[in-house]
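In the text below, chain A, chain B and the rest are named by the order of the sequence lines, each starting its count at 1.
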Amino acid sequence: MTTQDAQKESSERQLVAAAQRSERAAQKAIYQLFNERVYNLVFYSTGDRVFAEDLTQTIFLKVFRALAQFRHESKLETWIYRIALNECLNHNRRAGTRYVPLEAILGSGDEIDAAPLPDSERERSQRQAIIQQAVMDLSPKLRAVVVLKYVEGLSYEEIAQVLDCSAGTVASRLNRALATLEERLRPLRKIL
Amino acid sequence: MRCLRFDLWKNVPRYVDDELDASAVTRLENHLLGCNDCRARVARLRDGQRLASRLPRLTPARDGWAAIESALDWQPAATAPTYADAPSEFVPRTTWRQVLTSPYFAITIFAIALMTLSAAMLWDKQKPLDAGEVINITDPFDSTNFRPVLISEIGKNTAPHIVAEGYVKEVKIDEHDGDTMFKLVEDVRQAEPFIICEIITPINLKAPAVGSRVRVYGVSRYDAKEGRQWHEVHPVLNIETVNH
């Protein structure tokens with residue numbers, strides 16, 4: 001462990017201890033540190049921005065209620081991600097699995113323009129929306145590893161801790177997820 | 001030809017993500033020099049990784065801290081000291097015989113019995129109510145910071161914490177998130193104006209009976225989602241029944 005890591009861990013412990021004593025400033029600091037990360041995980045799990053905001057609030061309430069039981073056996077970030085993923089899983093069980101037809105992602109052959117597009121903000125956002133839709137069509141398990149890896153920037157080992165599985169399982173899921181994304185978006189390769 | 005080096009395949013995702021150790025990278029790259037199948041596999045995963053890396057990182061449109069803070073204020077966390085926190089010098093060194101024959105032991109047993117009886121009575125008061133019963137909030141609830149708002153004037157409100165009084169028009173479970181929601185109206189015969197009140201899971205308040213007049217305390221917000229676009233009290237932090 002580097003000195004920087006040790007300092008980070010020490011300040012995280014102090015922050016958690018203060019939040020466990022129900023100090024509002026510490027709770028708010030934890031919220032501000034993780035709000036956006038939890039929101040992204042929830043959004044990519046549910047696909048609804050407004051609902052993701054509501055569910056993120058519920059998750060933080062659960063985090064603060066359960067914080068007294070947190071014993072630093074994992075990083076705070078990992079522990080919060082676990083609570084968030086469980087909550088998303090519960091929601092998806094209640095709501096049923098969302099299915100996005102492939103046509104909705106690819107469009108018809110006529111709509112696809114293979115000519116290179118000028119690089120503008122609007123088109124960048126459209127390209128992102130196409131990729132986003134393709135990711136939303138992955139199964140929840142594959143989607144979770146993609147978001148944790150490529151949006152949150154976690155390592156294979158950190159993802160394994162969050163999902164309570166081996167790093168090998170993470171690699172296998174990422175393998176399937178990336179191969180599926182490549183296969184589905186291959187017809188749009190030139191514009192993406 | 002299809003490659004059968006399964007032992008090397010499993011490392012390809014880590015390889016494209018630069019998370020493979022140096023010796024494994026060397027082994028895989030030596031293999032790639034003579035294997036078209038694995039080179040194609042690496043190219044596909046690199047493409048998939050390039051696409052996944054473009055996923056946008058989103059920022060929530062609103063800050064949910066005010067709602068979380070209100071919910072935390074509503075039910076402060078219990079901070080019971082643990083046995084391990086007790087300073088050891090205050091733990092008397094006594095034998096079991098001394099303890100059992102001590103008058104303090106009898107007093108302690110009597111106190112525990114009294115507390116158990118009180119707790120049982122309190123529990124009986126707080127048990128979930130049947131539908132249609134009047135809700136009695138026994139916990140102390142500080143209502144001083146909630147601005148009274150008329151349902152018809154909710155659109156003008158700017159305060160984050162409000163209290164609105166009205167009739168419960170309908171109660172249902174939100175099919176989207178499983179939370180309990182009810183419609184609060186000014187006149188029980190009219191469908192509008194209304195406020196949607198949402199009880200979220202960590203705050204397990206009992207939904208009021210349809211037709212009852214209640215005061216609802218909570219966080220004011222507007223649900224801009226298509227098909228909704230209504231004012232809400234979300235989350236509901238307390239409900240007082242005015243009459244039934």
K.L.:
Where on A/Asn175 is there a heavy atom nearer than 4.5 Å to chain B: the side chain, the backbone, both, or neither?
P.N.:
both
K.L.:
Does any part of the side chain of A/Gln132, heavy atoms only, come nearer than 4.5 Å to the side chain of A/Phe43, both counted from C-beta?
P.N.:
yes
K.L.:
By a 4.5 Å heavy-atom criterion (distance strictly below it), what part of A/Glu183 contacts chain B: side chain, backbone, both, or neither?
P.N.:
neither
K.L.:
Is there a donor-acceptor contact under 3.5 Å linking the side chains of A/Tyr150 and B/Gln49?
P.N.:
no
K.L.:
What part of B/Arg62 lies closer than 4.5 angstrom to a heavy atom of chain A: side chain, backbone, both or neither?
P.N.:
both
K.L.:
Answer with side chain, backbone, both or neither: which region of B/Arg41 has an atom nearer than 4.5 Å to a non-hydrogen atom of chain A?
P.N.:
neither
K.L.:
Counting heavy-atom pairs under 4.5 Å to chain A, which of B/Val12, B/Asp223, B/Asp47 comes out on top?
P.N.:
B/Asp47
K.L.:
Is the closest side-chain donor-acceptor distance between B/Asn11 and B/Arg14 under 3.5 Å?
P.N.:
no
K.L.:
What part of A/Glu152 gets within 4.5 angstrom of chain B, counting heavy atoms only: side chain, backbone, both, or neither?
P.N.:
both
K.L.:
Between B/Arg44, B/Arg50, B/Lys10, B/Glu19, which has the largest tally of heavy atom pairs under 4.5 Å with chain A?
P.N.:
B/Glu19
K.L.:
Name the orientation class of the two ring planes belonging to B/Trp65 and A/Phe64 (parallel below 30°, tilted from 30 to 60°, perpendicular beyond 60°).
P.N.:
perpendicular
K.L.:
Would you say B/Ser23 and B/Thr26 are linked by a side-chain donor-acceptor pair, where the criterion is simply a distance under 3.5 Å?
P.N.:
no
K.L.:
Among A/Val170, A/Val147, A/Ile131, A/Leu181, single out the residue with the greatest number of heavy-atom pairs under 4.5 Å to chain B.
P.N.:
A/Ile131
K.L.:
For A/Tyr156, which atoms come within 4.5 Å of any heavy atom of chain B: side chain, backbone, both, or neither?
P.N.:
both
K.L.:
Do A/Thr46 and A/Asp48 get their side chains close enough for a donor-acceptor pair, meaning under 3.5 Å?
P.N.:
no
K.L.:
Select one option (side chain, backbone, both, neither) describing which atoms of A/Arg24 are under 4.5 Å from chain B's heavy atoms.
P.N.:
both
K.L.:
How many angstroms lie between atom CZ of B/Arg39 and atom NE2 of B/His31, to the nearest 0.5 angstrom?
P.N.:
9.5 Å
K.L.:
Side chains of B/Glu29 and B/Tyr15: donor-acceptor distance under 3.5 Å anywhere?
P.N.:
yes
K.L.:
If you tally heavy-atom pairs under 4.5 Å against chain A, which of B/Pro60, B/Gly48, B/Ala67 wins?
P.N.:
B/Pro60
K.L.:
Which atoms of A/Thr180 come close to chain B, meaning under 4.5 Å heavy atom to heavy atom: side chain ones, backbone ones, both, or neither?
P.N.:
neither
K.L.:
At a heavy-atom distance under 4.5 Å, which candidate from A/Ser172, A/Gly168, A/Ser155, A/Ala179 has the highest pair count against chain B?
P.N.:
A/Ser155
